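Okay, so here's the structure we're looking at.
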Amino acid sequence: MSGRRQYPFHLIEPKWQKVWDEQNAFRAFNPGEEIPANHPFAVRHKLSGKVAATQLPPKFYILDMFPYPSGAGLHVGHPEGYTATDILARYKRAQGFNVLHPMGWDAFGLPAEQYAVKTGQHPRKTTEENIATFKRQIQSLGFSYDWSRELATTDPDYFKWTQWIFLKLYNSYFDPSLNKAMPISLLEDALSEEPKRQTEWEKSEFLVSTRKWAVIPERSAERIARIRRNFANDNRLAYVSEQPVWWCEQLGTVLANEEVVDGKSEVGGFPVVRKPMRQWMLRITAYAEKLLQDLDTIDWTDSLKEMQRNWIGRSEGAEVNFAVADTKLPISIRVFTTRPDTLFGATYMVLSPEHNIVEMITSSQQKKAVEDYKTFASGKSDLERAELAKEKTGVFTGAFAINPVNGEKIPIWIADYVLASYGTGAIMAVPAHDERDWEFAKKFNLPIVEVVWDPEVLAKLKTATYGAIPIPLESPFCGEGVARRSPPHGWGLKDPSGERCDINRLPTAEAKKKITAWLEEKSLGKKTINYKLRDWLFSRQRYWGEPFPIVWKIGPDGESYHEALPESALPVLPPTLEDYKPTATGEPPLARAKDWVNLPDGSVRETNTMPQWAGSCWYYLRYLDAKNNSAFVGKDVENYWMGVASSLRLDKSAHSADATKPGVDLYVGGTEHAVLHLLYARFWHKVLFDLGYVSTPEPFFKLVNQGMVLGEDNQKMSKSRGNVIPVDVPVAEVGTDALRLYEMFMGPLEMVKPWSTKGVEGVYRFLGRVWRLFVDEKSETEFEQAETTAETQRRGELLNLIKLNPAIQNVVATPAQLKTLHACIKKVTEDLDGLRFNTAISAMMVFVNDAITWETKPVSVLREFLILLQPFAPHIAEELWQKLSANSQLPTANLAYAPWPKFDAALLVENEIEIPVQVNGKLRDVIKVSVNAPQADLEAAAKNSEKVKPFIEGKTIKKIIVVPKKMVNLIVA
RNA sequence: GCCGGUGUGGCGAAAUGGCAGACGCACAGGACUUAAAAUCCUGGGACCGUAAAACGUCGUGUGAGUUCGAGUCUCACCACCGGCACCA
């Protein structure tokens, strides 16, 4: 930055940061907490001592997505969201809310662990160093965080409660009839009361052994205990499952679906493969419907909601059973379809290569081909599968199934275009009405049977014969239409004795309903809702994460089983290691600590750790009561900050009703968390809500995604491009206030926008103009001379040399000055309510551009302007406020708690206004008229305009449109 | 392919269906200065004109439509950004 310094921000900013820090100025008080009488919050609200929730002002909880403290520090893109929330926090504080605005650290994570693997240095050390850097940088920006609530997910005092919540999940199940989570003990008790009840567990045993329904007659105590245990384990929200998971060799860990992008790890971009492993899972699928439906109750952007909807992937359809033909075993294959109306067109069946029935049904002739194909398919990474997607592959199993609606025998194939992880892992193929089935059928010469009329084709036909064999299709018709070729015209009737379902002539929606009802009646299928969402893979083979509060034991029957540690054993701390790599046998690093793993009673600790997402699932709750060591959050405290009652405004006349909703009032962060963090956190919150630990079903009422800040070259900021601007650079050159202002002035919060150093200078100049509006230039010159000779430590005091601008006087404001001020108050207030920071700033620029021309500047007007400026540029505003107050013998209480001004609409009323006159919709003149001029006067004035006359002379005025106070439009022939 | 978002000067952008381009950047001219920086003032959509203006015409991705009047509403299309993607 070249040129003279606009104003002494280098002294002002540290000065006020120190003042705020010493005063604990932004400390937020919980109900029942001791409020010091001299605290600015106490002074503003005339409170002190211990204050009950009902006596505290209404709350406003404004939250940032807490950062992962990386080694690189902050660049200018980071503070965008933090600045927006800080401005809002300061604004709400000025309005009189009890504002909760905290910050913390999402500190578990891979980089610190990888550094530990390389160097042997404990990841805690790296993490603490990085936190220190991040904290210093964030604090240099003057954000009004309540640092007394700071937390890190890596603190044992914090992850103790992460583990505690895991135990809640472990000890709960989802009850479909109550539609909520309940303690698992209820299920266990129910089982004890009814020892002879046929449990789900018994049914599954029944299928594989006797193939008969039977009550197992005698049970030993051991056996009952085992049934109980297994039944409970099968229903827990946190459960163990052996299933194919994403394994990343390079990272030495498994990954969640959400962490795998394009067949590569989201972190590092390493290849991943499917591998069956024993893993901890969280039953998020039980909440799929709630997670979907409750999106309608919260104020998030459409695109974000849509991303979550897509991820949950709800689809309605039917499950249909296809009996396997020519076998003595009563085997049937279930498929999921959204188009049961096309069942008559199902000409073959496809299973995913991993489907567990494949082995059982494959004919001996096809065994080799099937085995080869399975090897081929499992060898493909997901990336390869996606790349090769265009070319369909598959093999015939040699087996056939019976189409339940027409008795037709159809071949069963396996192909990797059918995914094991979706639906039932098997499909009925309807090539006439599905793109993929069509391609497959074409390639392997399978029959194509058209059973839905394309409405466009139907419209062209004089008479439609619903049983006629159609002209061969050129492409599949996948839309909705009219059903055809079901009985009595059904295709391939092989079993004339059976009762048929006739859906001919029915539109798709009705056909679906009718055939589904028919299937249900015949026990051949049922209506189903299917979700794309999978259960959350919750264990990682890492060191730097929360250990599970779980031990493994061996039962008397030799079966290994897990058991939760008691709450008293929390926190479970990770052991100190010499080497942070996984073991040679592929066990997680924790397995190296033999003393830690093996407990005296012979049980063995779980050696997996939780994923990084665990800590961020509930941090917003811990902020409420960060020091509580007897609960994850106190009940009353939670109710005050998250509940509905305390968010009702005292001043109901003010502004919109955006604070009357519960939960976090405003949450700001990047889109990168659209499906991971935000889905997981909602899930945990809903479980905690069901179990009665929190007051609301949703955690984040309003959520805004800030847009990315690009580099000056319009590219995303990255090290490799060399376009990264660390925050320290503008802070040193133009100060934090200018940086904050520019972050917001660039454009709308949600938009992607490029950084511009020149643009920063522009807002910096604006702050310089504000400064010169307030101070005496002569005294500033003296200050500058004194500063060059003063010792560094004493320079701060020199700010006192700067005197107020003599034009600032205790005089009554003129109507014009009041109008300028109140126009600014109105615009800034409304724009802040709508999160339109950029236009709020331009309104303040307009004010300053005007005020700087005033010969005398009334103190009262400038004071109110500083209150408006304070949220945006708090340091300069406080400094000027202090000077102004001292000079005018006004109280010098913190500007941060000064009440927000109200605009007076009466002051904005104009007597005379300029309105446009149009002829045939084209602007021809602007006329000055009295604001209340009657319509006739407006018409006359318009017609008399010299500029308008040439356009209406000699023509007939057919119509005159007058919009009072807006415009006149003359319509001529 | 599907879903969501965005298209306005040289640039970032602003405009409850009613004067398009507020505010800022960059640029140009002027004042101050020995000079520069900083600051202050003035001017900037394009075209046609003109010494300079007035006037005039065109102009918000493209094409249609609704309306007295469209950047704004409707329909169709194009481009870019983001997400999902063999989801049965």
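Excluded from the calculations below are hydrogen atoms, water molecules and symmetry mates; all remaining heavy atoms, backbone and side chain alike, are included. So that the names make sense, note that chain A is the first sequence line, chain B the second, and so on, each numbered from 1. Computed from a predicted structure; not experimentally measured.
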Between B/rA88, B/rG18, B/rU39, which one does the side chain of A/Q918 approach most closely? B/rG18
Can you figure out which of B/rC68, B/rA26, B/rU39 approaches the side chain of A/Q6 most closely? B/rU39
Do any side-chain nitrogens or oxygens of A/R765 fall under 4.0 Å of OP1 or OP2 in B/rC25? yes
Using a 4.0 Å heavy-atom cut-off, does A/S315 contact any base of the nucleic acid, only the sugar-phosphate backbone, or nothing at all? sugar-phosphate
Rounded to the nearest Å, what distance is computed from the CE atom of residue A/M967 to the C1' atom of nucleotide B/rG17? 11 Å
In whole Å, I'd like the distance from the CD atom of A/E946 to the C1' atom of B/rC55. 14 Å
Would you call the rings of A/Y348 and A/F440 parallel, tilted or perpendicular if under 30° counts as parallel and over 60° as perpendicular? parallel
Starting the side chain at C-beta, find the nucleotide from B/rG12, B/rA88, B/rG18 nearest to A/K753. B/rG12
Just compare B/rU16, B/rG24, B/rA88 and give me whichever is closest to any side-chain atom of A/F745. B/rG24
Under a 3.5 Å limit on both distances, the Watson-Crick or wobble mate of B/rA35 is none
Pairing partner of B/rG4 (Watson-Crick or G-U wobble, both distances under 3.5 Å): B/rC81
Could you give the CG-to-P distance, from A/L923 to B/rC19, as a whole number of Å? 9 Å
What orientation do A/Y680 and A/W536 show, parallel under 30°, tilted 30 to 60°, or perpendicular over 60°? parallel
Apply the syn/anti split at 90° from 0 to B/rA54 and say which one it is. syn
Between the base of B/rC11 and the side chain of A/K758, is there a donor and acceptor pair under 3.5 angstrom? no
Distance below 4.0 Å between A/R836 side-chain N/O and B/rA22 OP1 or OP2: no
Think A/R5 has a side-chain N or O under 4.0 angstrom from the OP1 or OP2 of B/rA37? no
Please check the phosphate of B/rC23 (OP1 and OP2 only) for any side-chain N or O of A/T839 closer than 4.0 Å. no
Residues, nucleotides or ligands: over 12 heavy atoms within 6.0 Å of A/K527 NZ: no
Any donor-acceptor pair, under 3.5 Å, between the side chain of A/N310 and the base of B/rC84, if you only look at N and O atoms? no
Value in whole Å for how far the P atom of B/rC41 lies from CG of A/N849: 8 Å
So does A/R924 get a side-chain nitrogen or oxygen closer than 4.0 Å to the phosphate oxygens (OP1/OP2) of B/rG56? yes
Return no unless some side-chain N or O of A/K305 is found under 4.0 Å from OP1 or OP2 of B/rG83. no
Do the side chains of A/W413 and A/F444 get nearer than 4.5 Å, heavy atoms only? yes
Syn or anti for B/rG56, please, going by whether the chi angle lies within 90° of 0. anti
Among the nucleotides B/rC23, B/rC40, B/rG12, whichever has the atom closest to the side chain of A/P754 is B/rG12
Just checking A/M845: base, sugar-phosphate only, or nothing, at a heavy-atom cut-off of under 4.0 Å? sugar-phosphate
Does B/rG9 adopt a syn or an anti glycosidic conformation, taking syn as a chi angle within 90° of 0? syn
Decide yes or no for A/C478 and A/E435: does some side-chain heavy atom of the first lie under 4.5 Å from some side-chain heavy atom of the second? yes
The Watson-Crick or G-U wobble partner of B/rU57, with both key distances under 3.5 Å, is B/rA46
Which nucleotide in the list B/rG82, B/rC23, B/rC55 gets nearest to the side chain of A/S842? B/rC23
Just checking A/K827: base, sugar-phosphate only, or nothing, at a heavy-atom cut-off of under 4.0 Å? nothing
Considering only heavy side-chain atoms of A/I971, the closest of B/rG18, B/rC68, B/rC23 is B/rC68
Would you indicate which nucleotide in B/rC84, B/rC3, B/rC86 comes nearest to any side-chain atom of A/E306? B/rC3
Over 12 non-hydrogen atoms of neighbours within 6.0 angstrom of NZ in A/K949: yes
Measure from the side chain of A/V926, starting at C-beta and using heavy atoms only, and say which of B/rA38, B/rA88, B/rC19 lies closest. B/rC19
Whole-Å distance separating the NZ atom of A/K966 from the C1' atom of B/rU72: 14 Å
Sugar-phosphate, base or nothing in reach of A/N838, heavy atoms under 4.0 Å: sugar-phosphate
pair_partner(B/rA76), Watson-Crick or wobble, both distances < 3.5 Å, evaluates to B/rU62
Side chain to side chain, A/L678 and A/W300, heavy atoms closer than 4.5 Å: yes
To the nearest Å, how far apart are A/M751 CE and B/rU8 P? 12 Å
Contact nearer the 5' end of RNA chain B, comparing A/T853 with A/G313: A/T853
What does B/rC40 pair with, Watson-Crick or G-U, if both distances are under 3.5 Å? B/rG30
Given B/rC58, is OP1 or OP2 found less than 4.0 Å from the side-chain N or O atoms of A/K922? yes
Check step by step if side chain to side chain donor-acceptor pair (under 3.5 Å) holds for A/T393 and A/Y373. CA-CA 9 Å; A/T393 59; A/Y373 186 77; 2.7 Å; yes
Please classify the nucleic acid contact of A/V963 as base, sugar-phosphate, or nothing, using heavy-atom distances under 4.0 Å. base
Check every strand shown and say whether A/T337 touches a base, only sugar-phosphate, or nothing at a heavy-atom separation below 4.0 Å. sugar-phosphate
Out of A/F774, A/W771, A/F766, which one pairs with A/Y7 under the ring-ring contact (aromatic ring centres under 6.0 Å, His included) rule? A/W771
Quick check for you: among B/rG83, B/rA13, B/rC68, whose closest atom lies nearest to any side-chain atom of A/N969? B/rC68
Interatomic distance, A/W854 CH2 vs B/rC40 P [rounded to whole Å]: 17 Å
For a quick check of understanding: with a heavy-atom distance under 4.0 Å over all strands, which category does A/F847 fall into, base, sugar-phosphate or nothing? nothing
Between B/rC25 (P) and A/I841 (CD1): distance, integer Å: 13 Å
Counting any heavy atom closer than 4.0 Å, what does A/R309 reach on the DNA or RNA strands: base, sugar-phosphate only, or nothing? nothing
